[in-house]
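Heads up, the thing below is written out as C-alpha cells.
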Amino acid sequence: MANIKANIKNIRKTARQHQNNKMHITSLRNKVKHVRTSKNQIDLQAAYKKIDSACAKGKIHQNKANRLKSRLAKQVSKK
C-alpha cells in the first residue's frame, strides 16, 4: 500500500478508471455478441454506434474498431 497521499489518490483514481473501462468493454462485447446471434440490420447499427463511441473514448484502438465493424457487416450480409 502506498504511503504518500497523492499515490493513495492515484490508486483510487486508477480503480475508478478500470471499472469504467471494464463497463464499456463489457457492454461493447455484449452488443457484438447480440448482433452475431440475431444478424439484424438494426442491431448492427446499434453495435456500430457502440463501437464508434468506445473508439472515440479511447477504450479500443481505431484499427480494432474498423476490424470489428467489417467482420460484423460480413456476418450480417451473409445471413
Side-chain angles (χ1 to χ4, degrees):
M1 187 67 192
N3 293 326
I4 300 171
K5 194 183 259 190
N7 288 348
I8 294 170
K9 290 178 184 179
N10 282 336
I11 290 170
R12 284 198 311 256
K13 181 180 79 168
T14 303
R16 281 194 306 268
Q17 288 173 340
H18 177 72
Q19 191 66 29
N20 193 16
N21 291 343
K22 192 174 174 184
M23 179 189 65
H24 278 94
I25 295 299
T26 303
S27 173
L28 172 70
R29 285 183 184 153
N30 288 339
K31 196 64 91 168
V32 168
K33 286 178 191 174
H34 184 68
V35 171
R36 287 188 177 141
T37 57
S38 72
K39 299 192 187 225
N40 188 354
Q41 195 69 27
I42 295 168
D43 294 334
L44 180 67
Q45 295 302 322
Y48 274 12
K49 186 173 180 181
K50 190 63 106 173
I51 291 169
D52 289 336
S53 172
C55 181
K57 291 177 182 176
K59 309 297 180 193
I60 61 173
H61 196 270
Q62 178 70 47
N63 290 349
K64 180 172 182 169
N66 291 339
R67 186 175 62 245
L68 273 174
K69 291 195 291 188
S70 173
R71 289 179 181 173
L72 283 176
K74 247 192 229 181
Q75 289 175 350
V76 169
S77 67
K78 221 184 251 187
K79 279 191 178 178

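- The distance from atom CD1 of Ile8 to atom NZ of Lys13, rounded to the nearest 0.5 Å, is 14.5 Å.
- Atom-to-atom distance recorded for Ile60:CD1 and Leu68:CG is 5.5 Å, nearest 0.5 angstrom.
- For the residue pair Asn66 and Gln62, a side-chain donor N or O sits within less than 3.5 Å of a side-chain acceptor on the partner.
- Sorted by first and then second residue, the salt bridge (Lys or Arg N to Asp or Glu O under 4.0 Å) pairs with a member in residues 49-69 read Asp52-Lys69; sequence neighbours excluded.
- Between Ala2 and Asn7 the shortest heavy-atom distance is CB-CB, 3.5 Å.
- Atom CE in Met1 sits 4.5 Å away from atom CD1 in Ile11 (nearest 0.5 Å).
- Put simply, the side chain of Leu28 does not reach to within 4.5 Å of the side chain of His24, judged on heavy atoms.
- Counting heavy atoms from C-beta on, the side chains of Met23 and Gln19 never come closer than 4.5 Å.
- Remark: Ser70 OG to Asn63 CG distance equals 12.0 Å, nearest 0.5 Å.
- Taken to the nearest 0.5 Å, the CD atom of Gln75 stands 9.0 Å off from the CZ atom of Arg71.
- Interatomic distance, NZ of Lys39 versus CG of Leu72, reported as 10.0 Å (0.5 Å rounding).
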